[in-house]
Amino acid sequence: MLDKTYNPQTIEARWYEQWEQRGYFQPRGGGESYSIALPPPNVTGSLHMGHAFQQTLMDILIRYRRMQGNDTLWQCGTDHAGIATQMVVERQLEGKGQSRYDLGREQFIRAVWDWKAHSGNTITRQSRRLGASMDWSRERFTMDEGLSQAVQEVFIRLYDEGLIYRGKRLVNWDPVLHTAVSDLEVLAEEEQGHLWHIRYPRTAGNGALVVATTRPETMLGDTAVAVHPEDARYRDLVGGTVELPLTGRSIPVIADEHVDPAFGTGCVKITPAHDFNDYAMGQRHNLPLLNIFTIDAALNDNAPAAYQGLDRYQARRRIVKDLEALGLLEKVEEHTLMAPRGDRSGAMIEPYLTDQWYVQVQPLADPAIAAVARGDIRFVPENWSKTYFEWMRNINDWCISRQLWWGHRIPAWYDAEGNIYVARDEAQVRRKYQLAQAVALTRDPDVLDTWFSSALWPFSTLGWPQQTSELERFYPTSVLVTGFDIIFFWVARMIMMGLKFMGDVPFREVYVTGLVRDSQGRKMSKSKGNILDPLDLIDGIEIETLVSKQTANLMQPQLQAGIEQATRKQLPQGIPAFGTDALRFTFAQLATQGRDIRFDAGRIQGYRNFCNKLWNAARYVLICVAGQDLNVGTGAVEYGAAERWISSRLSQAAQQVSKGIAGYRFDLAAQALYEFTWDEYCDWYVELSKTVLNDPGASVARKQGALVTLLENLEILLRLLHPFIPFITEELWQKVAPLLGRGGETIMLQDYPDGQEFPGDAAAVAEIDWLRSFILGVRRIRAERDIPPGRTLAIQVKDGNDQERQWLQQNRGYIGSLAKVSSILSVTIEPDDAVTALAGSMTILVPLADLINPAVEANKLNNQLARVNADRERLNGKLQNRNFIDKAPPAIVQKERDKLAELDAAATRMTEQLERLRRLLS
RNA sequence: GGGUGCUUAGCUCAGUUGGGAGAGCGCCGCCCUUACAAGGCGGAGGUCGGGGGUUCAAGCCCCUCAGCACCCA
């Protein structure tokens, strides 16, 4: 027999390994194909709430389709994450007092592979704990041999077509990592800084122009000062020159419409080599580019000797001091600026002039825009397509080279003259370009942006450039599930590459999930100390362990005390072990359309309780059938209205679930399952069945009917729930299904209920709905009058139509046990001392001579009557409005008429009752 | 500056051709009724951000104002 309390730990431990070992996660070969490519998490990563959330949703889709009989593939793997991984390994070396240069390139790369072998599978282990049914036998890594071939192939083909080129341009330079990064890897953060106003003396005549800058050190690279052409203050100066302090250089004053005359003094210093706007201005005016920084963002030999070698911030202090000494510093203001920082290193990004490789994006973007516009790819929710279009229409060329060691090395070679040759390897270069052996070639040292290989993921994982059967079967994938934060990084680029190299979109639909935030809507981050680890929600964590985890390895140790305090306040007991199923169900419930998701640890408890409820319902059913000979399919079975009702409702719930999943409304699907399980199956049908099963007078066939209904509904319900809560459903199904002769190795591969298991039965639904309102009426009277639950009641009924009288006859047993009613007397005259309720048009009367206070009753009744009268007035007004009668659909008008009639009858009854109470009072 | 959303019960949120304001949690009362106290039964609580318009009818459609959030520059 099942334990009394649901214990996720023991259940969840036993199933996953079996599923995986028996190969249930692999495609089975038959049926329509359905595939999802997992967004490959960084190999350095561990499973955070966002991963857990998205993987849960993907797993629901995959398990659902698998049960429906689709040939299902969930392609998984990890990303080599160039910068992140290189940093992890470099930090390890640092611990040993070494740098990557000590090892050399080859050795270092070997060290990275070593690291991956030992530590690179954290996240895949965690995905398994989540129950994710990915096909691990097909796991890929973006640096795998096959995927690397795909990367090479794409690079070479794009280069040969002229879509990849090498260029010298201003890029985002990370002076800590010594590499270029793409626009997307730069985060603009608001920071408090200063605005320095500096005098540039006029070369001819007296006076000076005052320029305002947030970066005084870059003045050493200035090659002009710009003003707006319409700016009357400076019109005369345009074409002249000013003296650039500290340098002994003179620079021109130019006019350009892009200068904002209202900002600062209206004069802008122009540093074409170290600012993107200035670069563009420099291009327009043919200004020289003067690079004053080294790759570390220290001042180079182009700076005056006094500043050479200084770091940019040291230089800033020196320059400000020197300007002040010269009397050239007009003033300094507080200023809030948007500071560009590298998303990996956190370093201030420096616009820097370098040679880099670029993808010319427009020719790839145009078909990608068209594909979405045509509907070949559908965004869910639909409005994300707007964001996509907006970005794609303003897209810039993509800088794809990185000055790192870990990654796909660019297949390009140079000769002594700097000519470029692109092919798979050096031998092929010589063949392709017919180069003699005597020509010395050196390979480009750079590697490709990690996202370059990620962009190929949907087809490189399936074997491309080989034409494999997997490609044939599973490309395009069915849906991409991802957060909007990587629409630009990844989604758009996959679409471009898929169309270019496969001639078809990489996925039919993109389901964009919200981002998981904390209970107050803040982003989860280490420095806020508000990170919830999904594994902690599953396994539980002691408060002390949690505190030390939140405060370990902080970048800013001064935050420690605050984080500790907040953690202890938020989760004073730590986190109990809720189990995977509860976490998954919570995610499903939270998956509303498009908006950010606030994860409140309190909420998961409710869904753990839900699992417990399901557990106990199964326990009840198993207790009931224990030792019974069910004769499923052979013995005489009689189904009452209650049986037909619950079965009918189950089918409706199944339809709602399928509808929900089809529309990616996991919240609605989960809601339908929750309500059916708890509010209908447990709260009503299980209770109703007890009446029959405990009734010595009930026929064997009736009892069989109840038992079979309990079992069948439960068994179907478990299958319905399985994609959401796979562990508990497998555990219970193994015990329940065999009783119906429906055993099997696993619930995972059973048919998913399609909502046609039972016929809809409107008559049974009407009857049981009425029965429920009857029982609720008695219960309400009982609760309102504080009648002890143990006390049985003798009640009376009055009025009601023929149908209701028949229902009453048929359901006396249920009313007796569920409303604790000992007798029901039909009367035509209402007693004065009765409290009443309504079930349809039937009045329920509970005579309570010794319990009621007529004055209190009259008061309550008066309030009710007032409410009813207010409604009647409103309805009357509506029905007397000719416009409403004429223009509203007849069905609506009739509905309002019926409602009014009902209210009129209720008002009449209440008035009569008030009369009787008044008689009692006088 | 450009773009996209959001504002419904104390909290978190549903509410999909415009026609009865809902759920979970929290709160209040009663109850250890042999599946479940991680439970049962009952209850209170909302001028659907403000204003205007369209309509017989608006939480839902249109306009406008206010507040909040995010993305891009």
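Just so you know, these numbers come straight off a predicted model, no measurement behind them. Here is the naming used below: chain letters follow the sequence lines, and residue numbers restart at 1 for every chain.
Residue contacts for A/Arg665: at a heavy-atom cut-off of 4.0 Å it reaches a base atom on one of the strands shown. Using a 4.0 Å heavy-atom criterion, one finds that A/Lys4 contacts the sugar-phosphate atoms exclusively.
Salt-bridge formation is not detected for the pair A/Glu257/A/Arg284: no Lys NZ or Arg NE/NH1/NH2 atom is positioned less than 4.0 Å from an Asp or Glu carboxylate oxygen. A salt bridge is defined here as a Lys NZ or Arg NE, NH1 or NH2 lying under 4.0 Å from an Asp or Glu carboxylate O, and A/Arg598 with A/Asp518 fails to meet this definition.
Helical stems involving RNA chain B, defined as 3 or more consecutive Watson-Crick or G-U pairs under 3.5 Å, span B:1-7 with B:66-72, B:10-13 with B:22-25, B:27-31 with B:39-43, B:49-53 with B:61-65.
Sequence order on RNA chain B of the closest nucleotides to A/Arg598 and A/Arg779 puts A/Arg598 first from the 5' end. In terms of position along RNA chain B, the nucleotide closest to A/Lys386 lies nearer the 5' end than the nucleotide closest to the other residue of the pair A/Lys386 and A/Ile623.
Note: A/Phe587 and A/Phe53 have tilted aromatic rings, judged against thresholds of 30 and 60 degrees for the angle between ring planes. A tilted orientation is assigned to the rings of A/Tyr388 and A/Phe379, their planes being inclined by 30° to 60°.
Residues A/Tyr664 and A/Thr513 have side chains that never bring a donor and an acceptor to within less than 3.5 angstrom of each other.
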List every contact pair, protein side and nucleotides 19-23 of chain B side both N or O, where the distance is under 3.5 Å.
residue: B/A23; atom: O2'; partner: A/Gln671; partner atom: NE2; Å: 3.1

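Here B/G40 is the nucleotide among B/G15, B/C56, B/G40 with the atom lying nearest to any side-chain atom of A/Trp678.
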